[in-house]
Number of protein chains: 2
Amino acid sequence: MSVADERRTDTRAQIRQVALELFAEQGYDKTSLREIAERLGITKAAVYYHFKTKEEILTSLFNEFFAGLDELVAWARARPRTAETRADVLRRYQDLLAGPTGAQLIRFMQEGQAALKDLPAGSEMKERFARLATVLVPEDGTAEQHFRFRLAFIALHLGAFSTDIPADSPEERRAAALNVALDLAR
Amino acid sequence: MSVADERRTDTRAQIRQVALELFAEQGYDKTSLREIAERLGITKAAVYYHFKTKEEILTSLFNEFFAGLDELVAWARARPRTAETRADVLRRYQDLLAGPTGAQLIRFMQEGQAALKDLPAGSEMKERFARLATVLVPEDGTAEQHFRFRLAFIALHLGAFSTDIPADSPEERRAAALNVALDLAR
DNA sequence: GTCTATAATACGATAGAC
DNA sequence: GTCTATCGTATTATAGAC
């Protein structure tokens, strides 16, 4: 199978990939279907053959992440609400972010919350995090504990993509982020 | 001076106020000048009399906040790089957020970073925070310390507007946020 | 200082040929 | 599966009357 043949068959996958890149870089609203199409050397109409709407591209990207996140929630539920579980969840969540699309998707989510606000994908993501919080924060958790937990996840997010935090390598940045997250969820 | 007379003279101020509300609620891009005008019972063209461009409204809002932030940076610079200074800076920063426009502006900034990315106001804000970091983080600061410092500010931001963190009152929420921030910058 | 009217442009989405 | 062409709608911004 030649390179050209391969390219021909997975236009849909390429659209997803390019869209994710652009969404992460410049946000959902600012990324037009024309721009996505141009990067692939096709037309807007061709994109519409593979996805019924622009939002469907987004949904398709989020669903992949949701699958991993749901697994994590289920895993957490089956465990005691201890400090050790919290630490394990954070470690596993960071592994999830290290996946192929994780970092870009989460950057897009972290920096473009406003754009996601009215979209189903946005509410679904929020729901998942709320579920995680319910499982992990003590029943009578104080506001402070909720803050700490929420910030722990933000720490991991920043560790996954934030370039303007000085670190010698991406690995060191992720390690530092995990340390802070673990301390917050302590 | 009647209420009607007062209203007549400060249309510019009203535009700023309504724009800030809408920017915070739904983001910069999604807020149109038509929407701003409609809320005030005037037309789009009338808005253009008071502001040359949409971006100028944004700039005008940010400049107010920058003034307070610059004061804080100057104050911090004149102090020793100690844990006590860091704590004082966080406390003063929270006071800044408690100002009339602070919380809305910061919500808009925190949730709509993607929209601000290519705007001068966005880079200026980033610059200010970088300056604050330079003053407060030790010269040989580790990546972990940078994370902690950055998260301390995010904690205060969430404390200023985030409604989905359970707390009995806004005051309690802010107090909890400050506690976490102080712990992070310890 | 506010209006009506409109220019110029971009967007998401569709129709129909090939 | 991809194309050209287009529809309908929104946007920022401007011109000129009042």
Problem - Sequence-aligned protein contact record of nucleotides 13-18 of chain C, with B where the base is within under 4.0 Å of a protein heavy atom and S where only the sugar-phosphate is - result: BBB---

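- A salt bridge links B:E127 with B:R131: the distance from a Lys NZ or Arg NE/NH1/NH2 to an Asp or Glu carboxylate oxygen falls below 4.0 Å.
- Taking 4.0 angstrom as the limit, A:Y49 places a side-chain polar atom (N or O) nearer than this to OP1 or OP2 of D:dG1.
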Donor-acceptor list for residues 61-79 of chain A side chains, cut-off 3.5 Å, not counting sequence neighbours:
| residue | atom | partner | partner atom | Å |
| --- | --- | --- | --- | --- |
| A:N63 | ND2 | A:T59 | O | 3.4 |
| A:E64 | OE1 | A:R16 | NH2 | 2.5 |
| A:D70 | OD1 | A:R128 | NE | 2.8 |
| A:D70 | OD1 | A:R128 | NH2 | 3.4 |
| A:D70 | OD2 | A:R128 | NH2 | 2.8 |

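- Side-chain atoms of A:I42 lie closest to D:dC3 of the nucleotides C:dG1, D:dC3, C:dC3.
- One atom, CD1 of A:I15, and another, P of D:dG1, lie 11 Å apart when rounded to the nearest Å.
- Below 30°, between 30° and 60°, or above 60°: for A:Y93 and A:F153 the angle between ring planes is above 60°, a perpendicular geometry.
- Counting only heavy atoms from C-beta outward, the side chains of A:L158 and B:I154 approach each other to under 4.5 Å.
- Look at CZ on A:F51: it is 13 Å from P on D:dG1, rounded to the nearest Å.
- If you check every strand for non-hydrogen atoms under 4.0 Å, B:S32 touches sugar and phosphate atoms only.
- When rounded to the nearest whole Å, the span between CZ of A:R34 and P of D:dT11 equals 19 Å.
- The closest side-chain donor-acceptor pair between B:T31 and B:D29, if any, does not fall under 3.5 angstrom.
- Counting to the nearest Å, the C1' atom of C:dA10 and the CG atom of B:D29 are 13 Å from each other.
- In this structure, A:T43 reaches the D:dC3 phosphate: one of its side-chain N or O atoms is under 4.0 Å from OP1 or OP2.
- Of the side-chain N and O atoms in A:T11, none sit less than 4.0 angstrom from OP1 or OP2 of D:dG1.
- Put simply, the residue from B:E111, B:Q110, B:Q104 that forms a side-chain hydrogen bond (donor to acceptor under 3.5 Å, both in side chains) with B:R107 is B:E111.
- At whole-Å resolution of the value, CD in A:E35 and P in C:dG12 are 10 Å apart.
- Of all heavy-atom pairs spanning A:A19 and A:I36, the tightest one is CB-CD1, 3.9 Å.
- Rounded to a whole Å, the CD atom of B:E38 is 15 Å from the C1' atom of C:dC3.
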